[in-house]
There are 4 protein chains.
Amino acid sequence: MNERSFILVEILEAVISVKGKNNKKYKIILEAAITIFAKNGFYQSTVSEIAKEAGVADGTIYLYFKNKDDILVQFFNYKTRQVFSAFKAEVEKTDDTVAKLENLVRKHLEEFQRDRNMAFVYQAVTHQKNPLVADKINEISKMYLDIVADIIEKGQQEGSIRKDIYLGLVKRFILGAVDTVINTWLYSGAKYDLTSMTDPLMDLFIRGIGNSEGGKSLE
Amino acid sequence: MNERSFILVEILEAVISVKGKNNKKYKIILEAAITIFAKNGFYQSTVSEIAKEAGVADGTIYLYFKNKDDILVQFFNYKTRQVFSAFKAEVEKTDDTVAKLENLVRKHLEEFQRDRNMAFVYQAVTHQKNPLVADKINEISKMYLDIVADIIEKGQQEGSIRKDIYLGLVKRFILGAVDTVINTWLYSGAKYDLTSMTDPLMDLFIRGIGNSEGGKSLE
Amino acid sequence: MNERSFILVEILEAVISVKGKNNKKYKIILEAAITIFAKNGFYQSTVSEIAKEAGVADGTIYLYFKNKDDILVQFFNYKTRQVFSAFKAEVEKTDDTVAKLENLVRKHLEEFQRDRNMAFVYQAVTHQKNPLVADKINEISKMYLDIVADIIEKGQQEGSIRKDIYLGLVKRFILGAVDTVINTWLYSGAKYDLTSMTDPLMDLFIRGIGNSEGGKSLE
Amino acid sequence: MNERSFILVEILEAVISVKGKNNKKYKIILEAAITIFAKNGFYQSTVSEIAKEAGVADGTIYLYFKNKDDILVQFFNYKTRQVFSAFKAEVEKTDDTVAKLENLVRKHLEEFQRDRNMAFVYQAVTHQKNPLVADKINEISKMYLDIVADIIEKGQQEGSIRKDIYLGLVKRFILGAVDTVINTWLYSGAKYDLTSMTDPLMDLFIRGIGNSEGGKSLE
DNA sequence: TATGAATGAGATTTCATTCAT
DNA sequence: GATGAATGAAATCTCATTCAT
């Protein structure tokens, strides 16, 4: 989704107002829920807490969401979709393969740094067994892995990326490393600039940790 | 704890039988709990389910565990400690840095493949906000990261590992990648041999994904 | 608290409606709880029974009371405080010492006769070791004993009460005797008019059981 | 029960050994139970606690007592009966009415001071609604009240006690006052000598609190 | 729409009692 | 007789969800 199509969606939402989803209150509740989920975890959060955080009555939640689980589902539909479309846009800004990957990683760190609550919820939920969000997670995960896979494949064609690697592993390897960096940052109390991890991460992706001595001087 | 002292502890446990901790039933319940936690997640599991799986009455659980949370805490004390001491032993089998890392990764994949329930619980809980196990997780995580850090540092001294890397990042990068591989395997339904991922993973750690052309042939 | 300030409090309660404390349902539940406590005793009463008696769902109890113990605590805060302020008012109605004591005793018997459930709970709880209400009981007990002590002291100054008595004992002696009379009435099935005991009780307090004819005056 | 018949019972118990009631362990458990009941109250005490205090296994309790309630019932049969027969003996030591009452009161305070646990349990249980011990309590209470009534009636015949009093009230009035004095002592932490209350109590019983100087003789 | 009091199903936990050893 | 592990009924309490206002 590019800038223009994004605006179009906003307009459409304003016009059709499907089920109040573009309603200001819908967003307030969703944001409040994410704040609470991030603080206590999904199962330890109560609908009452969310309502209080959102400044609405408990019952009001049910005018916008089917049930508690649905809040989580909507979170993946609304919030993270937005983020992932931003990732795609970022990748398309350049034609250079390594730069594409670097843009993706930086944007990923940037967005998760900007919305720490989302980061917390994302980290927690993707490792849980909630059947209601499992499909969404798979879908989103696949979206991300596909972006990475596309980049890698293009790089292989260009010659900047090794051909003797297992693509299915590599794409997960990259996502896993980024996830870990975010997780470490979250649990450290978010004291440092997360995006500063982009260059060291890229360096590890591209060159590994091995010392290739001699031949390295040719690079 | 080395091999010998470990055996000693086993013997001692068999002799003193401290409050049933080495009791057969204690292990049955713990194993049952992990099975249930792995299937449904901690918060969606009930004590009744665990009791049923263990083949005991609900009340019996409370003869061995203070409360539901305590089962999780005991799991980390009993089960994973065992695993991590196995990791350490595996690392000490060789002096070669790269082989040490490879042994660690292989053992990690091997153990988690062998006990899939443990793997599920471990994956889920390490990404949750359960204040009761948070400290244990940090402790175990640190243990693992320290093992990796020791290997890396030794490799840097020997010259097999690059010196221009950020150690704090690298150790987490490696743990994150292994975690992701395990997670993918778990959610794929454990259809393939997890340990077969050792070599491709090591290759990515050491050489990265970048194509260093010319010079590479020298390696 | 005098008559006027008491009315003021009633009005204020009606206006501010602090968290349902003056709520109709709060009173219904409290009254139901006292009925059940009076019938079975505190520890043999269940929250379900109270809910049933009050005509509400079990969970509703917890909207008005923190837990089962809290119901008892609230009972002492709300119900008996009211009674004891009535005692004080009654004492102030006259300046004659003996009449003051008589008014107190009569009002005491009157109030406990009127609310037999309260009487049962009061009798039971004041002789129990419930740490949650122990402080309240001490406080209320002290209030009562202080009223009696004030009357006795005033009587001693006036000359209507003997000076060679141990005040700390006398005040408890009086409370103890009244309590016993109430207790007897309760366990007899409340078949007679409790307030009719006022005169005989007062007579015993003032004159004792001894026959003072002849020689007694020499003492 | 007089001295002789009491000894007879002891002998009989030693011979027939009905259901182990004269067993050493029976007494140990009963004593332990009273200690625990005195500390926590009956309903807040567990059979396990009693077993631990007695130094026996939980199951052993049920070899000597039908159930938890039965321990309380036995307590009244075994322990307090013993005490009340001592009361009777004490009363019979003199022929002087006032001295009889004084002996009773002193013995009462003495025994309850000597066995504080018994005192606590007695105070608590006599004010509770336990249907299992209700009958026992009534029976014991009646025994005590009858002793007092006998003394009073004899005193009335002799002329030392007023005739214009209500006997049903007076006997309870005396028991209530003694009870209150014991209760106050218990909850004060048993810091002073309880028997020292005998004289002041007797003084209040006989002479009352009224000042009979001058005009009072006209009443 | 919005509210929030009320609901009641369901979860955790306790503990008197039993029974195989 | 003595044990104490095991039982499971029953109690307390929570909280997602509903619905009359």
Side-chain angles (χ1 to χ4, degrees), chain A residues 19-20 23 25-26 29 43-52 54-71, chain B residues 17 19-20 23-26 29 43-52 54-71, chain C residues 19-20 23-26 29 43-52 54-71, chain D residues 19-20 23-26 29 43-52 54-71:
Chain A
K19 250 199 161 179
N23 192 305
K25 210 161 262 186
Y26 172 80
I29 293 169
Y43 291 107
Q44 286 139 303
S45 301
T46 69
V47 173
S48 273
E49 280 176 295
I50 296 166
K52 202 176 165 190
V56 300
D58 293 19
T60 305
I61 304 276
Y62 292 85
L63 297 176
Y64 297 90
F65 301 89
K66 220 166 61 209
N67 50 39
K68 191 185 164 190
D69 288 318
D70 189 42
I71 304 177
Chain B
S17 180
K19 246 216 152 168
N23 190 305
K24 210 164 127 194
K25 207 156 268 184
Y26 172 80
I29 293 170
Y43 291 108
Q44 285 141 303
S45 302
T46 71
V47 173
S48 280
E49 280 176 296
I50 296 168
K52 204 176 164 188
V56 299
D58 292 19
T60 305
I61 304 281
Y62 293 88
L63 296 177
Y64 297 90
F65 301 90
K66 227 168 48 214
N67 51 41
K68 191 185 159 189
D69 288 321
D70 189 42
I71 305 177
Chain C
K19 244 213 152 171
N23 191 305
K24 210 166 130 193
K25 206 156 269 183
Y26 172 81
I29 293 170
Y43 291 108
Q44 284 142 300
S45 302
T46 70
V47 173
S48 280
E49 281 176 295
I50 296 167
K52 204 174 162 188
V56 299
D58 292 20
T60 305
I61 304 280
Y62 294 88
L63 295 177
Y64 296 89
F65 301 90
K66 226 167 50 214
N67 49 42
K68 192 186 159 188
D69 289 319
D70 189 42
I71 304 177
Chain D
K19 253 202 160 176
N23 190 305
K24 209 166 129 196
K25 209 160 265 184
Y26 172 81
I29 292 169
Y43 292 107
Q44 285 139 303
S45 301
T46 69
V47 173
S48 273
E49 279 176 296
I50 296 166
K52 203 177 163 189
V56 300
D58 293 19
T60 305
I61 305 277
Y62 292 86
L63 297 175
Y64 296 89
F65 300 89
K66 221 168 57 209
N67 51 39
K68 191 186 161 189
D69 287 319
D70 187 43
I71 304 177

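Letters A, B, ... are given to chains in the order of the sequence lines, protein chains preceding strands, and every chain is numbered from 1. As the structure is a prediction and not an experimental result, all values here were calculated from the model. Hydrogens, waters and symmetry mates play no part in the numbers below; they use all other heavy atoms, side chains included.
Among residues two or more places apart in sequence or in another chain, the side-chain contact (heavy atoms from CB on, under 4.5 Å) test is passed with A/Ala51 by A/Val56, A/Asp58, A/Ile61.
Computed from coordinates, the C/Asp70 CG to F/dC13 P distance equals 10 Å when rounded to whole Å. Atom-to-atom, CZ of C/Phe65 to P of F/dT12 comes out at 15 Å; the value is rounded to the nearest Å. The separation between C/Ile50 atom CD1 and F/dA10 atom C1' is 15 Å, rounded to whole Å. Note: CG (C/Asn23) to P (E/dG4) measures 14 Å, nearest angstrom. Computed from coordinates, the B/Ile29 CD1 to F/dT7 C1' distance equals 12 Å when rounded to whole Å. Protein atom CD1 of B/Ile61 is 13 Å distant from nucleotide atom P of F/dG8, rounded to whole Å.
Residue D/Tyr64 holds its OH atom at 14.0 Å from CG of D/Asp70, rounded to the nearest 0.5 Å. Going from atom CG of B/Leu63 over to atom CD1 of B/Ile29 covers 7.5 Å, rounded to the nearest 0.5 Å.
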Heavy atoms under 4.0 Å is the rule here; annotate nucleotides 11-17 of chain E 5' to 3' with B where the base is hit, S where only the sugar-phosphate is, and - elsewhere. SSBBSSB
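In DNA chain E, stems built from 3 or more consecutive Watson-Crick or G-U wobble pairs, each with both distances under 3.5 Å, span E:2-21 with F:2-21.
Side-chain N/O atoms of C/Lys25 include one lying less than 4.0 angstrom from OP1 or OP2 on E/dA6.
At distances below 3.5 Å, at least one donor-acceptor pair connects side-chain atoms of C/Lys68 with backbone N or O atoms of C/Ser45.
The aromatic rings of C/Tyr26 and C/Phe65 lie parallel to each other, their planes meeting at an angle below 30°, with 60° marking the opposite boundary.
Shortest non-hydrogen contact noted between B/Gln44 and B/Glu49 is O-OE1, 3.7 Å.
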